[in-house]
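Taking it in order: structure first as structure tokens, then the write-up.
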Amino acid sequence: MASIYPTEGLDYILGVIPKGGSNPGTLYLGLFTSQTASTVPANTAVLATATGVTETAYTAYARQALTAATWGALAAGTGNGRKTTYPQITFPTVGASPGGNINGFFIASAASAGICLYYANFDDVTAITPATNDIIRVTPTMEYRG
């Protein structure tokens, strides 16, 4: 599984710590169709302008809210990393226009456009090929590696 904190996400995080910015109470989980099942957008990708990343657009799709208080306990991650996991999220049922393969998820600052804080592929490095009436469930995890 590949993952990255893009430049816009790192800038956002550094605006909160150490610069004393506002900690968001809600973030948003989205799905991307660009890249491949084992690659993520580049650090230069900009979510709001769709530069370097394409968000899925199947009929009925919507980003899902992630409230700060619901994230799980901090735990050991890869190597010297640390991670936190959110309970499984269910996206709206895929409508009549399934669109292309879904290669991973992202965590953003807003319900539309916004800043991407984190991109990741799915743990099993397998794309989702949505079909009409499919239900997509994702268990988001964010990890910092040391």
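It should be emphasised that the depicted structure is a prediction, and the values quoted were computed from it without experimental measurement.
- Between P140 and W71 the shortest side-chain heavy-atom distance falls below 4.5 Å.
- None of T84, T85, D123 except one satisfies the side chain to side chain donor-acceptor pair (under 3.5 Å) rule with T141; the exception is T85.
- Between P6 and C116, the shortest heavy-atom distance links the atoms CG-O, 3.4 Å.
- Here the closest heavy-atom approach between residue R145 and residue T78 is recorded as NE-CB, 4.0 Å.
- In this structure, T56 contributes its side chain and T33 its backbone to no donor-acceptor pair below 3.5 Å.
- For the pair I115 and E8, the tightest heavy-atom approach, listed with the atom from each and the gap, is CG2-O, 3.5 Å.
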Item to check | Evaluation steps, side-chain hydrogen bond (donor to acceptor under 3.5 Å, both in side chains), between S3 and E143 | outcome: CA-CA 8 Å; S3 64; E143 179 174 2; 5.9 Å; no
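- Distance OG1/T54 to CZ/F32: 10.0 Å, rounded to 0.5 Å.
- Rounded to the nearest 0.5 Å, atoms CZ (F91) and CD1 (I102) are 8.0 Å apart.
- For T44, the side chain to side chain contact (heavy atoms under 4.5 Å, CB included) criterion is met by A42, not counting sequence neighbours.
- When hydrophobic clusters are built by joining Ile, Leu, Val, Met, Phe, Trp and Tyr residues whose side-chain heavy atoms come closer than 4.5 Å, directly or via intermediates, L117 is grouped together with L10.
- The shortest non-hydrogen separation linking A108 to R63 is CB-NH1, 3.6 Å.
- In terms of hydrophobic clustering, with Ile, Leu, Val, Met, Phe, Trp and Tyr side chains grouped at heavy-atom distances under 4.5 Å, Y86 and L74 are assigned to different clusters.
- Counting heavy atoms from C-beta outward, Y61 and I136 have side chains that stay 4.5 Å or more apart.
- A donor atom on one side chain and an acceptor atom on the other are found under 3.5 Å apart for T129 and N101.
- Follow the hydrophobic side-chain contacts under 4.5 Å out from V46 and you never reach Y28; the two are in separate clusters.
- Between I17 and I13, the closest side-chain pair of non-hydrogen atoms is not below 4.5 Å.
- Residues satisfying the ring-ring contact (aromatic ring centres under 6.0 Å, His included) criterion with Y5, sequence neighbours excluded, are Y118, Y144.
- Remark: of the listed residues T70, T67, L66, T67 is the sole one forming a side-chain contact (heavy atoms from CB on, under 4.5 Å) with T26.
- A donor-acceptor pair under 3.5 Å links the side-chain atoms of T36 to the main chain of S38, judged by distance alone.
- For Y58 against T93, the heavy-atom pair with the smallest separation is CE1-O, 4.0 Å.
- By the rule that hydrophobic residues join a cluster once side-chain heavy atoms approach within less than 4.5 Å of another member, V125 and F122 end up as members of separate clusters.
- In N80, the CG atom is not crowded: 12 or fewer heavy atoms of neighbouring residues, nucleotides or ligands sit closer than 6.0 Å.
- With a 4.5 Å cut-off on side-chain heavy atoms, Y119 and L47 count as touching.
- Closest approach of A127 to N103, counting heavy atoms only: CB-OD1, 3.2 Å.
- Rounding to the nearest 0.5 Å gives a distance of 13.0 Å between CD1 of I107 and CD of Q64.
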